[in-house]
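Chain letters run A, B, ... following the sequence lines, proteins first, then strands; residues in each count from 1.
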Amino acid sequence: MQRKRVVEPEDKIREIPAVVFLFRSCTGSLEYPGTESAVTETLRCLEVEPVTDPDQTCCSGYLLTCSAHTPEVSLAVTARNLALVERKGLDTYVFCNGCYGYLKELSHILLHNQEYLEGANELIARWGYHYAGKTRIFHVQEMWYRLRERIAAKVVRPLNGLRVGVHYGCHYLARKYDILDDGGYPTFHEEIVEALGGTPVFYKERQLCCGYAVGRGFTHREEIVQPHLFKKLKNARDSGVELITTVCPGCNVALDREQPNLRERYGEDFRIPVIDLAQLIALALGVPTAKLGFEANTVPLDDVLAKVGVSE
Amino acid sequence: MRERDADRVDNLDRLVDRYHLVENLESCLQCGRCTGVCPVANLSPSYNPRQIIRDILAGNKDRWLRSEEIWRCFWCANCYTLCPMDIPFPLLMMQLRYEALENRYGEKYFLPFRRFAMRALEDGLTFTPGGARGRERIMKLRGRIGLKPWPDISEKAKQEYRELFEATGAAAWMEAIKEEEERPVALTYLQGRITDAKKKGG
């Protein structure tokens, strides 16, 4: 495990906030609602109160990168959502790499192009919003790592050496100057897994993209996405991975939902369950499994739960 | 014949980068790290980010606008992560696709997302289920794990989201693209070389 980091977590999040703004994720609330629930429960467990706002909309970055609409609207939506947070004087914490990447990139474009910022602010001024760039944007995984000692102290269901293969997700690692670790070889998820009593597995393809790939699963599923995913999952299985964790519900969709299709096409049944890192932390911290929404998963978690000793 | 310095035309990248998001494109070293790390280039060698940049800087963008390749990009940004010059290639790809659509290429890769975007206009959220049964299933699941049956989004939020699409012309942009207008993709390396796996149904 590396010790020298690009940014020390204690520098990135200096004071642990008592209250944070939790940015709702569409996929994390609808496709795998257990993610939303686990993030909320884990934050509360760690004595950080998440605040949400019903006026927040989708970050709208995802459809931008599929060319479904033009950047002007995404810039205005970003300014509007972040202006809501600024009114509360809080920092923004997201639990989806998509939201993270787009909020970071779009706010960066706004704050470095006066013309775009004025244009967006003009559009949202009709409802009294103004975006000034004061709220800082974090991913909750940064909070998990910052509070790793607090987490380790609160583990009540240790993972009993469960072999976990982590998946960082491209849209986190691509923010190469803002993130906790070296984007080329990050290890902080593995350290969290160790703190929970699991065995991190450094499988070769762990940094390979999920293949959900900003919509290519809809347009290039058989041509590109499935051969790509096959490579990743085969490598994970051959390395003895028993569970994959993600920090992005979009990655979760690809890695979990495609497994039956890969079985049909290649005749190999991987059956590696895929959950959010927050769900794994919540599990180890003793949050009841009834709140973690594992029934939304295509690949069941029975073996994982048995190994951790959950009988529910 | 080898290009002479006097023939050089500057700022050809401006023809693609109309939003001024990839201002350092001309600093490209042609080192090819982007292509080495690209998961799509790995499976489909005719998709080559280094070559795309080279062609754009040489004023040869049209062959890519007409191609199938640009629609394969995962937008994973691994190319940017490794780029020694910090060129944000995905932002270039985004604009190449806009230009392809404006020239009526690649609509079939755009249309599935318009469907999602249209539904997002109603819900203020992306990827909500289309049918009543899908909605009911999710609401039950959310209820069971102690969440509100539907994500907490206000009517005000949905209304303002919709209005922003109209005010920026994004809604009009989506509606302007018609399926029947599509021109055939002229350059494609589609067949073979992707995988030897058998396709569904033989």
Side-chain angles (χ1 to χ4, degrees), chain A residues 24 26-27 29-31 33-34 36-37 52 54-58 60 62-73 76-77 80 101 109 113 123-124 127 170-171 173-174 176 183-184 208-209 211 213-216 218-220 222-224 227-228 230 264-266 290-293 295-296, chain B residues 19-21 39-40 43-44 71-78 80-82 90 94 97-98 101 108-110 112-114 116-117 120 124-129 138 141-142 144-147 151-154 156-158 160-161 164-165 167-171 173-174 190 194-195 197-200:
Chain A
R24 192 190 333 102
C26 301
T27 317
S29 304
L30 293 163
E31 190 75 30
E36 180 186 344
S37 172
T52 56
D55 288 344
Q56 180 224 314
T57 66
C58 168
S60 89
Y62 174 83
L63 290 168
L64 169 72
T65 51
C66 295
S67 317
H69 52 66
T70 46
E72 288 87 343
V73 67
V77 169
R80 182 187 166 282
I109 291 171
N113 294 272
L123 280 165
I124 60 174
W127 303 293
C170 307
H171 290 253
L173 298 181
K176 55 183 170 182
L208 205 62
C209 167
V214 193
R216 293 312 111 192
F218 293 106
T219 60
H220 294 72
E222 300 205 339
E223 182 197 345
I224 303 276
H228 170 82
F230 180 74
E264 202 176 311
R265 179 167 172 180
Y266 296 98
K291 285 188 166 184
L292 298 179
E295 61 260 51
Chain B
Y19 281 96
H20 293 263
L21 301 175
V40 178
L43 288 161
S44 154
W71 298 95
R72 291 186 186 150
C73 166
F74 279 180
W75 236 80
C76 70
N78 283 358
Y80 168 68
T81 309
L82 251 75
M94 180 179 85
R97 287 175 176 173
Y98 283 133
L101 287 170
K108 68 175 167 193
Y109 302 120
F110 158 84
F113 305 109
R114 179 167 69 183
F116 284 115
L125 304 164
T126 310
F127 297 119
T128 53
I138 282 170
L141 175 58
R142 285 179 57 90
R144 265 206 306 279
I145 63 175
L147 295 168
D152 196 9
I153 180 161
S154 66
K156 177 172 156 34
K158 294 187 214 173
E160 293 177 5
Y161 189 69
L164 283 179
F165 269 74
T168 53
W173 151 269
M174 291 196 289
L190 242 185
I194 305 297
T195 169
K198 54 183 185 298
K199 270 203 165 184
K200 230 191 292 182

Fill in: Region of A/His220 in contact with chain B, defined by heavy-atom distances below 4.5 Å
side chain
Worksheet item: Using non-hydrogen atoms only, which part of A/Leu30 is less than 4.5 Å away from chain B: side chain, backbone, both, or neither?
Response: both
Discussion item. If I take atom CZ from residue B/Phe113 and atom OG1 from residue A/Thr219, how far apart are they, to the nearest 0.5 angstrom?
Written reply: 5.0 Å
Worksheet item: If you round to the nearest 0.5 Å, how far is CD1 of A/Ile109 from CG of B/Leu21?
Response: 4.5 Å
Discussion item. Under the criterion side-chain contact (heavy atoms from CB on, under 4.5 Å), I'd like the reasoning laid out for A/Glu295 against B/Ile145: C-alpha separation, chi angles, the key distance, then a yes or no.
Written reply: CA-CA 10 Å; A/Glu295 61 260 51; B/Ile145 63 175; 4.3 Å; yes
Check whether any side-chain heavy atom of [X] sits under 4.5 Å from a side-chain heavy atom of [Y], and report yes or no.
| X | Y | value |
| --- | --- | --- |
| A/Thr70 | B/Tyr19 | yes |
| A/Cys170 | B/Asn78 | yes |
| B/Ile153 | A/Pro54 | no |

Worksheet item: Counting N and O atoms only, with roles assigned by atom type, does the side chain of A/Lys176 sit under 3.5 Å from a partner on the main chain of B/Tyr80, one being a donor and the other an acceptor?
Response: yes
Worksheet item: Between B/Arg72 and A/Ile224, is there a donor-acceptor pair closer than 3.5 Å when you use the side chain of the first and the backbone of the second?
Response: no
I need the minimum non-hydrogen distance between [X] and [Y], along with the two atoms involved.
| X | Y | answer |
| --- | --- | --- |
| A/Leu63 | B/Ala120 | CD1-CB, 4.4 Å |
| B/Pro39 | A/His228 | CB-CE1, 3.5 Å |
| B/Pro151 | A/Arg24 | CB-CD, 3.8 Å |
| B/Thr168 | A/Val73 | OG1-CB, 3.3 Å |
| A/Arg216 | B/Trp71 | NH1-O, 2.8 Å |
| A/Ala174 | B/Thr81 | CA-OG1, 3.4 Å |

Discussion item. Would B/Leu101 and A/Ser67 count as a side-chain contact (heavy atoms from CB on, under 4.5 Å) here? Give the steps.
Written reply: CA-CA 9 Å; B/Leu101 287 170; A/Ser67 317; 3.9 Å; yes
Discussion item. The criterion is salt bridge (Lys or Arg N to Asp or Glu O under 4.0 Å); which residues satisfy it with B/Arg97, sequence neighbours excluded?
Written reply: none
Worksheet item: Do B/Tyr161 and A/Gln56 meet the criterion of a side-chain donor-acceptor pair at a distance under 3.5 Å?
Response: no
Discussion item. Looking at chain A, which one of B/Arg142, B/Arg144, B/Lys158, B/Lys156 has the largest number of heavy-atom pairs inside 4.5 Å, strictly under?
Written reply: B/Arg142
Discussion item. Holding to ring-ring contact (aromatic ring centres under 6.0 Å, His included), I want the full list of residues that pass it with B/Phe116, two or more places apart in sequence or in another chain.
Written reply: A/Phe218, B/Phe127
